[in-house]
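Remarks on the structure that follows.
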There are 2 protein chains.
Amino acid sequence: MRNTKANIGRVFHALGDPTRRAIVEKLSQGPVSVSRLAGPLAITLTAVAQHLQLLEESGLVHTEKVGRVRTCRLETAGLSLAEQWIGERRSLWECRLDRLGHLLAEEEE
Amino acid sequence: MRNTKANIGRVFHALGDPTRRAIVEKLSQGPVSVSRLAGPLAITLTAVAQHLQLLEESGLVHTEKVGRVRTCRLETAGLSLAEQWIGERRSLWECRLDRLGHLLAEEEE
DNA sequence: TTAATAGTCAAGTAAATACTTCAGTAATTC
DNA sequence: GAATTACTGAAGTATTTACTTGACTATTAA
């Protein structure tokens, strides 16, 4: 059973941490194992694993263990959700500005 | 002097909190004063003002005080930055999947 | 079979965060 | 000019968070 309830809160919270963003950035270039992921980051493997759990729960990353190595790869679900939320707010706002512009233009006549 | 260094870390961190997201959602429908913003939220005015400061610093919201009332409105800078970051990671990842697909197709020949 | 590698689990800690209260100040309204 | 409204600032608190250490398990390599 996958615990991937990709709600918008989890996604933004996950992306709010610099270490987790670094992980996502790395994974956008291709799949990597946990220890290779931990290498350049100045924290313990345990800490990386904890971040990965959060990233997985938020639908930003998918991991799979084969033998003793767990391979991590980017999952688009999380990013899509965030993109969608942002797009919605933005279009609401821009639509409002448009209406305002029309009203002002009408008044000028 | 405006303290609007809209870096990606601040933006995602700001959007990670449910109260701040509620504020952004409300403001996407149009400008609102601080006290009207605090109304439906079950927290004090002070707390709302603290969230607003963070939102302003992250480039998601712009506020302006006229008389005794501070009016808040959505600012696109923050949202744009987040949208851009997400788009970049996503396109890197999708481009990689494309190349992988091509390689596999070539091998089939 | 032994040693090394890759990761997991549980428990603890220090710092960050989201609040609160209380005491202001300045702008309106009565 | 007195009361009300709309915030602002400082200081404190409880919870969450990012991290650590140390002991453990499984897989692979020598």
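Every chain is numbered from 1 and lettered A, B, ... according to where its sequence line falls, protein lines coming before strand lines.
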May I ask you to test the B:L54-B:H13 pair for a side-chain heavy-atom distance under 4.5 Å?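 Sidechains of B:H13 and B:L54: in contact.
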So A:L55 and A:T63, do their side chains get closer than 4.5 Å, heavy atoms only?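 Counting from C-beta outward, A:T63 and A:L55 never come under 4.5 Å.
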Under 4.5 Å between side-chain heavy atoms, counting indirect links through other Ile/Leu/Val/Met/Phe/Trp/Tyr residues: same cluster for B:I8 and B:I86 or not?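 Both belong to a single hydrophobic cluster.
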Which is true for [X] with a 4.0 Å heavy-atom rule: it touches a base, it touches only sugar-phosphate, or it touches nothing?
X     : answer
B:L45 : base
B:R36 : nothing
A:S35 : sugar-phosphate

Tell me the interatomic distance from [X], atom [atom1], to [N], atom [atom2], rounded to whole angstroms.
X     : N      : atom1 : atom2 : answer
A:Q50 : C:dG7  : CD    : P     : 15 Å
B:E64 : D:dA6  : CD    : C1'   : 16 Å
B:Q53 : C:dC19 : CD    : P     : 15 Å
B:R10 : C:dA16 : CZ    : P     : 15 Å
A:I43 : C:dG7  : CD1   : P     : 14 Å
B:H51 : D:dC7  : NE2   : C1'   : 16 Å
B:K65 : D:dT5  : NZ    : P     : 16 Å
B:D17 : D:dT16 : CG    : C1'   : 12 Å

Quick check: on DNA chain D, is the nucleotide nearest A:T44 upstream (toward 5') of the one nearest A:H13, or the reverse? Name the residue that is more 5'.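 Checking each residue's closest nucleotide, the 5'-ward one belongs to A:H13.
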Specify the residue among B:R68 and A:L54 whose closest nucleotide of DNA chain D lies further upstream toward the 5′ end.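 Upstream on the strand: B:R68.
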Does C:dA18 have its OP1 or OP2 closer than 4.0 Å to a side-chain nitrogen or oxygen of B:T46?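 No, no such contact exists.
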Does a side-chain N or O from B:R70 land closer than 4.0 Å to OP1 or OP2 of D:dT8, or not?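 The answer is yes; a side-chain N or O of B:R70 sits under 4.0 Å from OP1 or OP2.
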Taking the minimum atom-to-atom distance to the side chain of A:A49, which one of C:dT8, D:dA18, D:dT8 wins?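 Given the options C:dT8, D:dA18, D:dT8, the side chain of A:A49 is closest to C:dT8.
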Using the side-chain heavy atoms of A:V69, tell me which of these nucleotides is nearest: C:dA6, C:dA11, C:dT20.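 Of the candidates, C:dA6 comes closest.
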Looking at A:Q53, I'd like to know if its CD atom is crowded, meaning that more than 12 non-hydrogen atoms belonging to other residues, nucleotides or ligands lie closer than 6.0 Å.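 For A:Q53, atom CD is not crowded (no more than 12 foreign heavy atoms under 6.0 Å).
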Assess, by modelled atom type and distance only, whether the side chains of A:S28 and B:R96 contain a donor and an acceptor separated by less than 3.5 Å.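 No, B:R96 and A:S28 have no side-chain donor paired with an acceptor closer than 3.5 Å.
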